[in-house]
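Values below: every heavy atom of this structure, side chains too, minus hydrogens, waters and symmetry copies. Bear in mind that the values here come from a model prediction, so they are computed numbers and not experimental data. Throughout, a chain's letter reflects where its sequence line sits, starting with A, and its residues are numbered from 1.
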Number of protein chains: 2
Amino acid sequence: MSTMPSASPIGASPSSTIALLQSQSLTTLVRRELERMILEGELSPGDKLNEAALAAQLSVSRGPVREAFRALQESGLVQTEKNRGVFVREIPMQEADETYAVRAALEQLVGQMLAVSISPAQIKELRQMLERMERAVSGRSPDNYHPLNLQFHDLLVQFTGNDKLLATYRRLVNELNLYRRDTLAQGSKVGGLTVSNGEHRRIVQAIASGNAEEAGRSMYEHVMASRARMHKAKGVAETALPDREKGHDPVKGQDKRRVAMREAAL
Amino acid sequence: MSTMPSASPIGASPSSTIALLQSQSLTTLVRRELERMILEGELSPGDKLNEAALAAQLSVSRGPVREAFRALQESGLVQTEKNRGVFVREIPMQEADETYAVRAALEQLVGQMLAVSISPAQIKELRQMLERMERAVSGRSPDNYHPLNLQFHDLLVQFTGNDKLLATYRRLVNELNLYRRDTLAQGSKVGGLTVSNGEHRRIVQAIASGNAEEAGRSMYEHVMASRARMHKAKGVAETALPDREKGHDPVKGQDKRRVAMREAAL
DNA sequence: TAATCGCAGATTGTTGACAATCTACAACCC
DNA sequence: GGGTTGTAGATTGTCAACAATCTGCGATTA
């Protein structure tokens, strides 16, 4: 905490500093910081975000914090309950499932597009990524695999040159990362990493060979395989602790009454 | 204007009124109203949204209005320039193009899913929609076609039962509607309606027959054909008025200096 | 005359205060 | 003892005021 740039970086060139001040409002800064906190795991699904506390921590008033909340809500990272506060979203398994399906369709499109448009330089960059991931798997640093994996997929989407596709993709992946957070650390170590990277190689190979259909199919199947691995890991985690009696249970006490009224409000 | 529900609808059942008050904040109401205004064309791309004026018009303070702005910004409907205000977004042609590509991939998925899962009742509902659109085309009320068209596609996505897919789809379509606004009224009357509805029939036929591949392909091609029709209409509109000297030009005066500084800020 | 400068009004960014609501705990009743 | 009621503290929803920035227009000057 307290890593906010409260003091301005005077070292930078003056023009860029001016431009920065012009485009950055406090709301933007707060939004960015909160997104970072959530995505990096400093805040976990179900956690409550206290307006006043956050405002004090970031040395701003509650206004910008509330505005940042509305943006994060729209992006699916937090959820607001009137008069109760905002909470880091807990993605239900069913929603994660649906998201995987959408993501698979998008990545299939990515594969098809890249098979036609990719450049030699881009292929080279992808192969370098593959090697780095290979080292992460075979070496004793499997913790590094996940960020590399994210970067690899993001790079593929970037290479399509379709910004809308990229934005849509990232939105979905952000939410999936939220879902994976708890099961991830343990889940993916069960041995799926080698398999996953094998699928990555198949993808790059198909793209490089210019086979659009195969490239699309390999990406689609890779996403669906990831989903299956996630389910498996989730199942393991689930049975590991018998009755899910740890952590924050959002429904208890008179919450039941509130929930019932909410549902009736439809 | 002034169609806000300032007075509460006492006629409704008390429980639903309570539930409504529990879930609706002023921010939510303002957001909804602004979205309606934009989507129904009361506000056009490029228009400036004045905080104080809107707050007065809706009888709230500027706080909720600002929060609604942040949500609309994240959803892509408006765009904010610090210290200058928020504007209804003007979708560049290239972005619309990219959006059509993403949408086509999503609708292809919709077709594939529905070919497997659709129910007889749903098929019936789709066929009724087809007839309504048919009447709108053959009759002398082509203005009704567009909303029916939107409803038809939305219904298809709803029938997949995948809420995430639906949310993603709607986000894209909202932005596309923003893009189409100016060219639409004139553009689609050039005669594409009959063709469009023919494609709709092909889609429903393929879905009903359970042919996933054909259903997906027909939807993909329909979206791409829509894009082509849009381009054509846009081209017509473009050449119709020689030098695009009508309407609001966002870049003029000392704006050029600002824009240059913004770009340097990257 | 054309360009620049500077000011007044308007608009946005941010803040602090007040009102409404919720949460937790204690007193009370059956 | 179990359950309800009521109250105090904390938290959120909303508002109005202040500060910073921008916009447009007139004055000034070369």
Side-chain angles (χ1 to χ4, degrees), chain A residues 4 6 8 17-31 47-73 78-87 248-262, chain B residues 4 6 8 17-31 47-73 78-87 248-262:
Chain A
M4 277 284 292
S6 50
S8 60
T17 302
I18 292 177
L20 227 65
L21 281 187
Q22 278 186 336
S23 61
Q24 312 284 53
S25 63
L26 287 187
T27 300
T28 305
L29 273 310
V30 173
R31 182 207 186 294
D47 282 359
K48 181 169 187 302
L49 301 181
N50 184 305
E51 280 183 20
L54 279 170
Q57 183 181 342
L58 302 176
S59 305
V60 298
S61 72
R62 286 172 50 212
V65 174
R66 285 181 64 87
E67 290 183 30
F69 280 172
R70 293 297 95 78
L72 289 171
Q73 176 177 24
V78 305
Q79 151 182 25
T80 302
E81 295 184 43
K82 185 170 186 286
N83 286 325
R84 284 180 35 84
V86 324
F87 304 81
H248 21 60
D249 190 340
V251 178
K252 61 184 169 188
Q254 59 175 349
D255 270 1
K256 278 183 210 143
R257 196 171 60 205
R258 293 183 53 88
V259 169
M261 296 183 76
R262 288 278 155 66
Chain B
M4 276 285 289
S6 51
S8 60
T17 303
I18 292 176
L20 226 66
L21 281 187
Q22 278 185 336
S23 61
Q24 313 284 50
S25 64
L26 287 186
T27 300
T28 305
L29 273 311
V30 173
R31 183 205 185 293
D47 282 359
K48 182 169 187 300
L49 301 182
N50 184 304
E51 280 183 20
L54 278 170
Q57 182 181 342
L58 302 177
S59 305
V60 298
S61 75
R62 287 171 51 215
V65 173
R66 285 182 65 87
E67 290 182 31
F69 281 173
R70 294 296 95 79
L72 289 171
Q73 177 176 25
V78 306
Q79 156 182 23
T80 302
E81 296 185 42
K82 185 172 186 284
N83 287 325
R84 284 182 35 82
V86 324
F87 305 82
H248 20 60
D249 190 337
V251 178
K252 60 184 170 189
Q254 61 176 349
D255 271 359
K256 279 184 209 141
R257 194 171 63 207
R258 293 185 53 90
V259 170
M261 297 182 76
R262 289 277 155 66

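With sequence neighbours left out, the salt bridge (charged side-chain N to carboxylate O under 4.0 Å, His left out) criterion links B/Arg70 to A/Glu67. Looking at residues two or more places apart in sequence or on another chain, you find a side chain to side chain contact (heavy atoms under 4.5 Å, CB included) between A/Leu26 and A/Val60, A/Pro64.
Inter-residue side-chain proximity for B/Phe69 and A/Thr27 is flagged as unmet; no heavy-atom pair is nearer than 4.5 Å.
Rounded to whole Å, the distance from CD on A/Gln24 to C1' on D/dT21 is 17 Å. The separation between A/Leu58 atom CG and C/dT14 atom C1' is 15 Å, rounded to whole Å.
No engagement by B/Gly63 is indicated, since no non-hydrogen atom pair under 4.0 Å with the nucleic acid exists.
Across B/Val65 and B/Ser61, no two heavy atoms sit closer than the pair CG2-O, 3.7 Å.
Note on residues 51-60 of chain B: pairs passing salt bridge (charged side-chain N to carboxylate O under 4.0 Å, His left out), not counting sequence neighbours, are B/Glu51-B/Arg62, B/Glu51-B/Arg66.
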Taking only N/O atoms, report every protein-nucleotides 10-13 of chain C pair under 3.5 Å with atom names and distance.
unit_1 : atom_1 : unit_2  : atom_2 : d
C/dT11 : O3'    : B/Lys48 : NZ     : 3.3
C/dT12 : OP1    : B/Lys48 : NZ     : 2.7
C/dT12 : OP2    : B/Glu51 : N      : 3.4
C/dG13 : OP1    : B/Asn83 : N      : 3.2
C/dG13 : OP2    : B/Arg66 : NH1    : 2.6
C/dG13 : OP2    : B/Arg66 : NH2    : 3.3
C/dG13 : N7     : B/Arg62 : NH2    : 2.9
C/dG13 : O6     : B/Arg62 : NH1    : 3.0

